[in-house]
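See below for the structure under consideration.
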Amino acid sequence: MSDPSRPRASLRTAVVWDVLKDALDRRVKATGRESLDVLDTGGGSGRFAVPAARLGHRVTVVDPSPNALFALERRAAEADVADRVQGVQGDAHGLFDVVERGGYDVVLCHGVLEYMDDPAEGVANAVAALRPEGVLSLLASGLGGAVLARALAGHFTEARQALSDPDGRWGEGDPVPRRFTAEQLTALVEGAGLRVGAVHGVRVFADLVPGVLVDTEPGALDALLKLEAAAAELPAFHSVATQLHVLGETREAAEA
Ligand SMILES: C[S@@+](CC[C@H](N)C(=O)[O-])C[C@H]1O[C@@H](n2cnc3c(N)ncnc32)[C@H](O)[C@@H]1O
């Protein structure tokens, strides 16, 4: 039996959460403020927004989906942080129709660029929402991870299609509209005027390992989480990760 305090879902969030929590803690120290203003664009049901609010931060979630915002409200209430989480219906393209420009210490943009017609505009808007000393947490689907997963499932033609497709899609049935390499994501972050603080590969092995190995072997989940954490930092594994996380900092934040 795996440790119940480390449920399997943590394989999807652990690496990103560790990087994000560390970035939030560093901002708290640098600003001297215990409670930061956090914006989660495309924050959905609050997978990261609610844990951030549990640390004491005020989180605004912008998402176009009423269902996601409803789920967010429920999740925030269950975690007893409803007073620190605000859900707003809106879109990352028209972000400043619904939130203040330059008003946030940390902006999250997780799993959203894939769905945007203009990812560069999405990143530029996220950056424009930051205070002069601010940090961007960007998470997006990785091209190489999808190629590897299709190939290991025996879908060799689809794997090759994803490699040559300009959007990294493996075919008509691919549910993800766009994937990125680490170079493309860091170029988007730098193009929007930030410094890249760190790049992490997320879910390098988790999606490739048969679930039964993780669920039945004692200690396997913990060992896999530690392996994911160790590989996440190594550039060699970025090219095969299911997702890529980039931490961007304004120049003022990087120098603080
Ligand atoms: C894969 S989910 C990720 C949710 C959340 N960020 C997380 O990491 O759990 C993608 C979210 O992006 C939202 N979304 C899609 N297009 C968007 C857009 N143009 N602007 C803002 N959010 C968008 C969806 O409604 C959905 O909640």
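Note: hydrogens, waters and symmetry copies are ignored here, and every other heavy atom, side chains too, is used. Just so you know, ligand 1 is whichever comes first in the structure, and atom 1 is the first atom listed for that ligand.
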Which of the atoms of ligand 1 are close to Ala92, meaning less than 4.0 Å from one of its heavy atoms?
-> 18 (C), 20 (N), 21 (C)
What protein heavy atom sits nearest atom 3 (C) of ligand 1, and how far off is it?
-> His110 O, 3.5 Å
Atom 11 (C) of ligand 1: which protein heavy atom is closest, and how many Å away?
-> Gly42 O, 3.6 Å
Hey, is CZ on Phe70 packed in by over 12 heavy atoms from elsewhere, all under 6.0 Å?
-> no
Considering heavy atoms of the protein only, find what lies nearest to atom 18 (C) of ligand 1 and give residue, atom and distance to 0.1 Å.
-> Asp91 OD2, 3.7 Å
Could you tell me which atoms of ligand 1, counted from 1 in the order shown, lie closer than 4.0 angstrom to a heavy atom of Ser65?
-> 25 (O)
Going by heavy atoms in the side chains, are Arg33 and Asp105 under 4.5 Å from each other?
-> yes
Which residue and heavy atom of the protein sit nearest atom 15 (C) of ligand 1, plus the separation | Tyr115 CB, 4.1 Å
State whether a side-chain donor-acceptor pair under 3.5 Å links Gln243 with Ser141.
-> no
Protein heavy-atom partner closest to atom 23 (C) of ligand 1 - residue, atom, separation in Å = Pro64 CD, 3.4 Å
For atom 12 (O) of ligand 1, the option (of Val62, Val112, Val16, Asn125) bearing the nearest heavy atom | Val112
Look at atom 10 (C) of ligand 1 and say which protein heavy atom is nearest, naming residue and atom and giving the distance to 0.1 Å.
-> Gly111 O, 3.2 Å
Numbered in order shown, the ligand 1 atoms found under 4.0 Å of a heavy atom of Gly44 are 27 (O)
Roughly how far apart are Leu108 CG and Leu24 CG, rounded to 0.5 Å?
-> 7.5 Å
With rounding to the nearest 0.5 Å, note down the distance linking NE2 in His110 to CZ in Arg47.
-> 9.0 Å
Within the 4.0 Å heavy-atom cut-off, what Arg47 brings close to ligand 1 is side chain
Could Glu158 and Arg150 be called an ion pair, given the rule that one side-chain N must be under 4.0 Å from one carboxylate O?
-> yes
Nearest-neighbour protein heavy atom for atom 13 (C) of ligand 1, which is reported as residue plus atom name and distance | Asp63 OD2, 3.5 Å
Would you find a donor on one side and an acceptor on the other, under 3.5 Å apart, between the side chain of His238 and the backbone of Ala232?
-> yes
Can you sort out which atoms of ligand 1 are near Phe48, meaning under 4.0 Å from one of its heavy atoms?
-> 8 (O)
Min heavy-atom dist Thr41 to ligand 1 below 4.0 Å = no
Going by heavy atoms in the side chains, are Arg179 and Asp174 under 4.5 Å from each other?
-> yes
Mark yes when over 12 heavy atoms from residues, nucleotides or ligands other than Asp80 sit less than 6.0 Å from its CG; otherwise mark no.
-> no
